[in-house]
Every structure is written in structure tokens, then in C-alpha cells.
Amino acid sequence: MISSVRRFVPRSVRSLASISSSHVGPFAVFDRKAKQLQRDRAAAKDGGKSSATVDYVRDEVADRLLERLEDINRKFSTILDLGSGPGHFARLLGPENATRCIMIEPSEKTLYRDPDTSFEVPVERIHADEEELLQIVEPNTQEAIVSCLSLQWINDLPGMLVQINRALRPDGLFLGAMFGGETLFELRTSLQLAEVDREGGISPHVSPMTDTRDVSNLLGRAGFTLLTVDIDEVKVAYPSMWELMDDLRDMGESNAVIGRRHFIHRDTLTAASAIYKELHGNEDGTVPATFQVIFMIGWKPDPSQAKPVDKKSTMQNVI
Amino acid sequence: MTSTTIIERPLRRLAVHSTTTCAAQASTYGRCILATYTDVRKDVCKEEFLKFGQCLRDAMKRKW
């Protein structure tokens with residue numbers, strides 16, 4: 001009996017993907033439960049050490065997001081950090097930015113990974129699913145909502161932005177960063193080519209990403225004004241595809257698309273690793289991975305805000 | 001999780017062999033796909049992959 005169990009266990013956990021539920025509904029692209037498990041596992045591994053070593057992408061993006069916050073000439077009393085992780089963004093806040101920060105994160109282990117002493121401003125942690133934002137906070141109460149690299153796993157992004165808008169008080173700020181567009185296109189194309197050659201078909205291994213052009217439309221439709229959307233890239237070089245995949249798993253960013261296959265055949269994996277190197281490899285033998293980040297700023301409308309200048313005013317003589 | 005190290009080992013070995021021990025065969029296979037990547041069909045680079053796969057099996061001392 002014991003030997004049969006021991007033989008079974010490695011097989012079931014060996015794959016790089018986790019088990020998908022079969023439910024598919026409207027706006028259900030991602031398996032949120034699987035995502036939470038992946039993030040819990042990633043944060044708990046080696047007592048949080050392996051998760052901390054792969055903070056490099058999130059820390060870099062949090063840093064760039066803070067730059068955008070600092071461009072806004074205002075001090076906030078409370079900033080709500082949606083999908084905060086262990087506090088990549090909150091950690092960078094100083095007393096000159098905010099008096100306190102509330103972190104909302106669906107993965108409990110990730111949320112409590114780092115001690116309170118790593119923060120300069122007092123933080124409050126709420127373990128909850130950010131997709132249910134309006135059940136956590138009252139509408140029209142928040143001064144500023146920030147989201148650093150969590151929106152890419154939201155199923156109903158238009159609805160999420162509407163919730164954020166409703167949670168904000170008039171003249172409230174939404175500042176966000178999410179993976180989008182061309183993120184991990186090298187991995188996506190390599191796996192697709194490998195699957196076509198080896199197995200004769202393709203399946204989703206890299207999430208569908210929001211297109212940069214759609215973001216300003218979505219923000220506008222959710223009721224935000226004075227929009228600023230820009231994109232930025234973080235390029236990381238890895239020794240090979242395997243290290244990239246290990247790091248993605250430790251980041252808790254493994255595949256969580258509903259209907260994904262539960263495993264990748266080792267022939268497909270090795271084929272993808274060979275293709276990755278030949279198709280995208282750098283001259284020094286490493287392989288690049290691109291993380292494209294969409295930064296967005298939107299404000300909840302308020303009569304006190306500056307209005308766009310009337311079109312007719314361009315007819316005036318400026319000399 | 002103590003089990004992860006045990007589980008990871010075969011995959012880790014596969015990773016090492018596919019990028020170092022069998023790097024030459026991997027490269028030949030990769031170049032074959034690269035030459036045809038606008039029109040990839042099942043088994044377009046079967047020959048090259050069989051050599052790559054054989055090298056891996058030898059290196060892993062396993063059959064699959």
C-alpha cells in the first residue's frame with residue numbers, strides 16, 4: 001500500500017502546471033483558486049526565501065510606480081494597495097507619500113511573508129480577494145488605490161476598474177501597473193512552436209494579456225478622467241528557459257488559465273528550451289524574457305478638477 | 001515542503017542535460033525549427049528531435 005502511494009505522489013506533482021477546474025463562465029479566464037494556491041506555495045517555499053530571491057521584477061516595477069506617485073504633488077492619508085503581495089510597493093512608501101497603507105491580498109502566506117519592520121509607514125493587512133473590493137471597503141471612501149502587478153490575474157478587468165472607481169471618493173487617485181501586451185512573448189512562441197512540432201497542436205501556457213491600447217478605453221469606460229497610460233519594459237536575461245520557468249513559479253506567476261493542460265510533455269519542454277535559445281537567445285548564450293508593464297493613472301471625476309480646454313480655444317491667436 | 005527537492009531532481013537533471021550535455025543536438029533542432037517557423041507542422045523537425053531526444057535518454061539513463 002505504502003509503495004503504491006509513494007509511486008503515485010511524484011507523478012501527480014511533477015508537472016509544472018496545477019490542476020484546472022472545468023468551470024468556464026463569462027469573464028472567467030483565470031482560475032483564481034489555483035492562482036491563490038500557487039502564490040501560497042511560492043511564498044511558503046523555503047520559509048519565503050525562494051520567493052524573496054525572485055522579487056526583482058516586482059521590486060523594479062514597484063520602484064517605477066512610486067516614481068509616478070511622487071510626480072503627483074499630494075500627500076495621502078491612506079493608500080489602499082490592491083493585490084499587494086508581501087508589500088513590494090508599500091515598502092517603498094515614506095511618510096512624505098502617505099500616513100498609512102492598507103494591503104489587500106488574496107494569498108495569506110504572501111501577505112504575511114515580510115515582517116512589519118520592513119515598512120516605513122504603518123501597514124494594515126487584509127486577507128481578501130481583491131475581485132470583491134466593494135465587499136471589503138465602502139463606496140466613496142478611498143483617497144488613493146494602487147495596484148502593482150496583480151491586475152493581470154483579474155477575470156473581469158472592466159468590472160474591477162468600475163469597482164475601484166466606485167470605491168474611490170471624488171477626486172480620488174487610481175495608480176496601477178500590470179503585465180500586458182508582449183509579456184513573455186519569447187516563452188509563448190517557443191512553447192507554441194514546440195507543441196506544434198512535437199504534438200501537432202497548441203494549448204494555453206502563457207496568459208492572454210491586455211493590450212496596451214485597450215487600457216485607456218477601459219479606464220475611460222469605468223468612469224476615470226485625466227488618464228495617463230504608458231508602457232515600459234523590464235528585460236531579464238536567464239541562463240535558459242528552465243531557470244525562467246523556475247523563477248516564474250517562485251514568483252507565483254505560473255499558468256492559471258482555466259482549461260489549461262495539467263502537464264507539459266517532457267519532449268515538448270526540451271523542444272521549447274532548444275527553440276527558445278535558437279529563436280530568441282542572446283549572443284552571450286543567455287536567453288531574454290520580456291516583461292511589458294502597462295502603467296495607468298486615472299482620477300475619479302470631481303468638479304474641482306481642471307477641465308480639458310474647450311476645443312474652440314485653439315482658434316484663438318496665441319501670438 | 002520537503003517533497004519538492006525530491007520531485008524537482010529529475011526535471012532539474014533534464015534541464016541540465018538539455019542545455020549542456022545535449023547542447024549541440026538542441027541547437028541543430030532549434031535551427032531546424034527556426035528555418036521553418038513560418039510553416040511549422042507536426043514532426044517537421046522529427047529527425048533532428050529524435051537525435052536530441054536520444055541524447056537526452058542516454059544522458060538521463062532512462063527510456064520514455
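Predicted model, so just to flag it, every value in this text is computed and none were measured. The chains referred to below are lettered A, B, ... by the order of the sequence lines, with proteins before strands, and numbering in each begins at 1. Below, each value reflects all heavy atoms present in this structure, side chains not excepted, and no hydrogens, waters or symmetry copies.
Residues satisfying the salt bridge (Lys or Arg N to Asp or Glu O under 4.0 Å) test with A/Glu60, not counting sequence neighbours, are A/Arg64. A search for side chain to side chain donor-acceptor pair (under 3.5 Å) contacts involving A/Thr286 returns A/Asn282, A/Asp284, not counting sequence neighbours. For A/His280, the ring-ring contact (aromatic ring centres under 6.0 Å, His included) partners at least two apart in sequence or on another chain are A/Phe185, A/Tyr276.
If you measure heavy-atom distances from B/Arg41 to chain A, the contacts under 4.5 Å come from the backbone alone. For a residue to count as touching a neighbouring chain, one of its non-hydrogen atoms must lie under 4.5 Å from one of that chain's; by this rule A/Ser273 touches chain B with the side chain only.
By the 6.0 Å contact criterion, NZ on A/Lys35 is enclosed, its count of non-hydrogen atoms from other residues, nucleotides or ligands being greater than 12. Atom NZ of B/Lys46 has 12 or fewer neighbouring heavy atoms from other residues, nucleotides or ligands inside a 6.0 Å radius. Residue B/Tyr37 places its OH atom among 12 or fewer non-hydrogen atoms of other residues, nucleotides or ligands, all under 6.0 Å distant. Within 6.0 Å of CD on B/Glu47 lie no more than 12 heavy atoms contributed by other residues, nucleotides or ligands.
Contact count against chain A (heavy-atom pairs under 4.5 Å) is highest for B/Asp43 among B/Val44, B/Thr19, B/Asp43, B/Leu56.
Considering only heavy atoms from C-beta on, A/Thr270 stays 4.5 Å or farther from B/His17 through its side chain. Proximity of B/Leu14 to A/Arg266: side-chain heavy atoms (C-beta onward) are separated by under 4.5 Å at one or more points.
Distance CG/A/Leu193 to CD1/B/Ile33: 6.0 Å, rounded to 0.5 Å.
In this structure, B/Leu34 and A/Glu278 approach most closely via the heavy-atom pair CD2-O, 3.8 Å. Shown here for A/Trp242 and B/Ser18, the closest heavy-atom pair between the two residues is NE1-OG, 3.1 Å. Taking all atoms of both residues into account, the shortest heavy-atom contact from A/Ala274 to B/Ala26 is CB-O, 3.4 Å.
For a heavy-atom cut-off of 4.5 Å, chain B lies close to A/Val196, A/Asp197, A/Arg198, A/Glu199, A/Gly200 in residues 196-204 of chain A.
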